[in-house]
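Reviewing the structure listed below.
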Amino acid sequence: MSTSISSRALPVLVAGGGIGGVAAALALARQGFAVKVLEQAPQLGEIGAGIQLGPNAFAAFDALGIGELARGRAVYTDEMVMHDALDERLVGRIPTGEPFRARFGNPYAVIHRADIHTSLLEGARAHGQIETLTGTRIEAVQQEGDTVTVRDQHGQVHVGQALIGADGVKSVVRQQYVGDAARVSGHVVYRAVVEKNDFPEDLRWNAASIWVGPNYHLVHYPLRGGEQYNVVVTFHSREQEEWGVREGSRQEVQSYYSDCCPRARQLIDLPKSWKRWATADREPIGQWSFGRATLLGDAAHPTLQYIAQGACMALEDAVTLGQALKHCGNDWPQALRLYERSRIARTARVVLSAREMGRIFHASGVERLVRNDLWKGRTPQRFYDAMEWLYGWKAETCLAED
Ligand SMILES: Cc1cc2nc3c(=O)[nH]c(=O)nc-3n(C[C@H](O)[C@H](O)[C@H](O)COP(=O)(O)OP(=O)(O)OC[C@H]3O[C@@H](n4cnc5c(N)ncnc54)[C@H](O)[C@@H]3O)c2cc1C
Ligand SMILES: NC(=O)C1=CN([C@@H]2O[C@H](COP(=O)(O)OP(=O)(O)OC[C@H]3O[C@@H](n4cnc5c(N)ncnc54)[C@H](O)[C@@H]3O)[C@@H](O)[C@H]2O)C=CC1
Ligand SMILES: O=C(O)c1cccc(O)c1
């Protein structure tokens, strides 16, 4: 073990208390480390929206010891279903019931973000070795010997034996060590959660549902036992976008969906308030560990949402980090190299596949016709085979081979 006595007494610093940061804190606590989570927001929490969880997320929850907590709060969908938003035609349907669960050993589910964040926090707090500081935005990182020091916006310093940069798409840790630019997609997302009684009866499907149209798509699925529905609409913006969130307007959303079929158009008339996100990803990079600092979650591999895997990847990252430390006897530089080696190609595949899936969703003209024929006559078995690389992830085999 290369960690000196003095450094070993220090906590591990985690920048960011989102899903990735809290999952990392839990993985580290399970490996015996004291952890200090530094979160810029005044409170720990998640935005009011849903999230889809593939079977790989449940494999990660189990490895983090919160499988039952997370399972209790999820809604188990019967299928993923895709319709053409112009003519309502069914494009693809993938059953996610019993045969899917049997194939991947875990379910497909949808859940409120706050519920998954709470489950992770409950798991983390049960370990009693996790300190969380809110209102603490890290601004600079310095490494010396086997310590890492970060300075926050108040000028206070926090010293740790290592730093996990889980500080999201606009990561300060990544900016300091990599310095690359985010790739603003020009796609804008509006999200809202709608009460069941306000949600159209003819769309109350127990499914991860998507309507795909020229330069836009719409997503909806149930949350919280079907008492609420998550609505997400995405379009290519006419404006020059910058990554970030602000209040939106119904008029803006409506202006992008004039050719959308009436059934799917109901979705954009529902929400009383809309929040508007301009999304971004980054080009995958071949190194994200630097001495005793590393990146995790969106800080390491921000991705567009089109295969619904960003948070799932952050959960896998956290498990893999814990396993790498165990494998390397808590030797930080060695463990961080193993961690990134185990994660880089897989997460890059997610980033690139999501871009490609976005293109397929948003196809127009003849490309739309090709898209609508892509999955004709596909058996569930063939879909499951195509999904194996993604949903077949297991904690037991998550480390790269030597
Ligand atoms: C529209 C949309 C739909 C999505 N749907 C899905 C889905 O269905 N399934 C899925 O798996 N994923 C989905 N994702 C992706 C998922 O939301 C993200 O990948 C995931 O939330 C990333 O978690 P994170 O903890 O890495 O980053 P974040 O959630 O961004 O958390 C970073 C945290 O760090 C804090 N922070 C930032 N800078 C600093 C700093 N300097 N100092 C201290 N704290 C800081 C922030 O306040 C924040 O709390 C979707 C994303 C979008 C945009
Ligand atoms: N949500 C829904 O209702 C439906 C979703 N699907 C999606 O389709 C997938 C299954 O379809 P397949 O064609 O068998 O899947 P696949 O994973 O083999 O590829 C999907 C498409 O994306 C392309 N692609 C994938 N990864 C890429 C990458 N990294 N770079 C460039 N191109 C890439 C493929 O060439 C293909 O055209 C499922 O995983 C599912 O996500 C399909 C039907 C319905
Ligand atoms: O919010 C989601 O779950 C989601 C998943 C895929 C595409 C999309 O636009 C949104």
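All ligand and atom numbering here is 1-based and tracks the order in the structure. Everything numeric in this text was worked out from a predicted model, so none of it was measured. The figures here come from the full heavy-atom set of this structure, side chains too, leaving out hydrogens, waters and symmetry mates. Nothing fancy with the numbering, it's 1 onward along the sequence.
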Next on the checklist: Between the side chains of Glu241 and Arg276, is the shortest nitrogen-to-carboxylate-oxygen separation below 4.0 Å, so that they form an ion pair?
Outcome noted: yes

Item to check | Parallel, tilted or perpendicular, as decided by the 30° and 60° cut-offs, for the rings of Tyr306 and His362 | outcome: perpendicular

Checklist entry - Judged by modelled atom types alone, do Ser185 and Thr279 share a side-chain donor-acceptor pair under 3.5 Å? => result yes

Checklist entry - Between Trp288 and His301, what is the ring plane arrangement, given parallel below 30°, perpendicular above 60°, and tilted in between? => result tilted

What does the contact table look like for ligand 1 (nitrogen or oxygen on each side, cut-off under 3.5 Å)?
{"residue": "ligand 1", "atom": "8 (O)", "partner": "Gln52", "partner atom": "N", "Å": "2.8"}
{"residue": "ligand 1", "atom": "9 (N)", "partner": "Gln52", "partner atom": "O", "Å": "2.9"}
{"residue": "ligand 1", "atom": "9 (N)", "partner": "Ala308", "partner atom": "O", "Å": "3.1"}
{"residue": "ligand 1", "atom": "11 (O)", "partner": "Ala308", "partner atom": "O", "Å": "3.4"}
{"residue": "ligand 1", "atom": "11 (O)", "partner": "Gly310", "partner atom": "N", "Å": "3.4"}
{"residue": "ligand 1", "atom": "11 (O)", "partner": "Ala311", "partner atom": "N", "Å": "2.9"}
{"residue": "ligand 1", "atom": "11 (O)", "partner": "Cys312", "partner atom": "N", "Å": "3.0"}
{"residue": "ligand 1", "atom": "12 (N)", "partner": "Gly310", "partner atom": "N", "Å": "3.2"}
{"residue": "ligand 1", "atom": "12 (N)", "partner": "Ala311", "partner atom": "N", "Å": "3.0"}
{"residue": "ligand 1", "atom": "17 (O)", "partner": "Arg113", "partner atom": "NH1", "Å": "2.9"}
{"residue": "ligand 1", "atom": "17 (O)", "partner": "Arg113", "partner atom": "NH2", "Å": "2.8"}
{"residue": "ligand 1", "atom": "19 (O)", "partner": "Asp298", "partner atom": "OD1", "Å": "2.7"}
{"residue": "ligand 1", "atom": "19 (O)", "partner": "Asp298", "partner atom": "OD2", "Å": "3.4"}
{"residue": "ligand 1", "atom": "19 (O)", "partner": "Gly310", "partner atom": "O", "Å": "3.4"}
{"residue": "ligand 1", "atom": "19 (O)", "partner": "Ala311", "partner atom": "N", "Å": "3.2"}
{"residue": "ligand 1", "atom": "25 (O)", "partner": "Ile19", "partner atom": "N", "Å": "3.3"}
{"residue": "ligand 1", "atom": "25 (O)", "partner": "Gly20", "partner atom": "N", "Å": "2.8"}
{"residue": "ligand 1", "atom": "26 (O)", "partner": "Asp298", "partner atom": "N", "Å": "2.9"}
{"residue": "ligand 1", "atom": "41 (N)", "partner": "Arg137", "partner atom": "NH1", "Å": "3.4"}
{"residue": "ligand 1", "atom": "41 (N)", "partner": "Ile138", "partner atom": "O", "Å": "3.1"}
{"residue": "ligand 1", "atom": "42 (N)", "partner": "Ile138", "partner atom": "N", "Å": "2.9"}
{"residue": "ligand 1", "atom": "44 (N)", "partner": "Gln40", "partner atom": "N", "Å": "3.2"}
{"residue": "ligand 1", "atom": "47 (O)", "partner": "Glu39", "partner atom": "OE2", "Å": "2.6"}
{"residue": "ligand 1", "atom": "47 (O)", "partner": "Gln40", "partner atom": "NE2", "Å": "3.1"}
{"residue": "ligand 1", "atom": "49 (O)", "partner": "Glu39", "partner atom": "OE1", "Å": "2.6"}
{"residue": "ligand 1", "atom": "49 (O)", "partner": "Glu39", "partner atom": "OE2", "Å": "3.2"}

Checklist entry - Does the side chain of Asn106 come under 3.5 Å of the side chain of Arg71 through a donor N or O and an acceptor N or O? => result yes

Checklist entry - Taking atom CD of Glu201 as the centre, does the number of heavy atoms from other residues, nucleotides or ligands within less than 6.0 Å exceed 12? => result no

Next on the checklist: Classify the ring geometry of Phe104 against Tyr384: parallel below 30°, tilted from 30° to 60°, perpendicular beyond 60°.
Outcome noted: perpendicular

Below 3.5 Å only, please: the N or O atoms of ligand 3 paired with protein N or O atoms, distance on each line.
{"residue": "ligand 3", "atom": "3 (O)", "partner": "Gln52", "partner atom": "NE2", "Å": "3.2"}
{"residue": "ligand 3", "atom": "3 (O)", "partner": "Tyr221", "partner atom": "OH", "Å": "2.7"}
{"residue": "ligand 3", "atom": "9 (O)", "partner": "His217", "partner atom": "NE2", "Å": "2.5"}
{"residue": "ligand 3", "atom": "9 (O)", "partner": "Gln305", "partner atom": "NE2", "Å": "3.1"}

Item to check | Lys/Arg-Asp/Glu bridge criterion (N-O < 4.0 Å) met for Glu388, Lys394 | outcome: no

Item to check | Pair Glu39 + Arg137, salt bridge at N-O below 4.0 Å | outcome: no

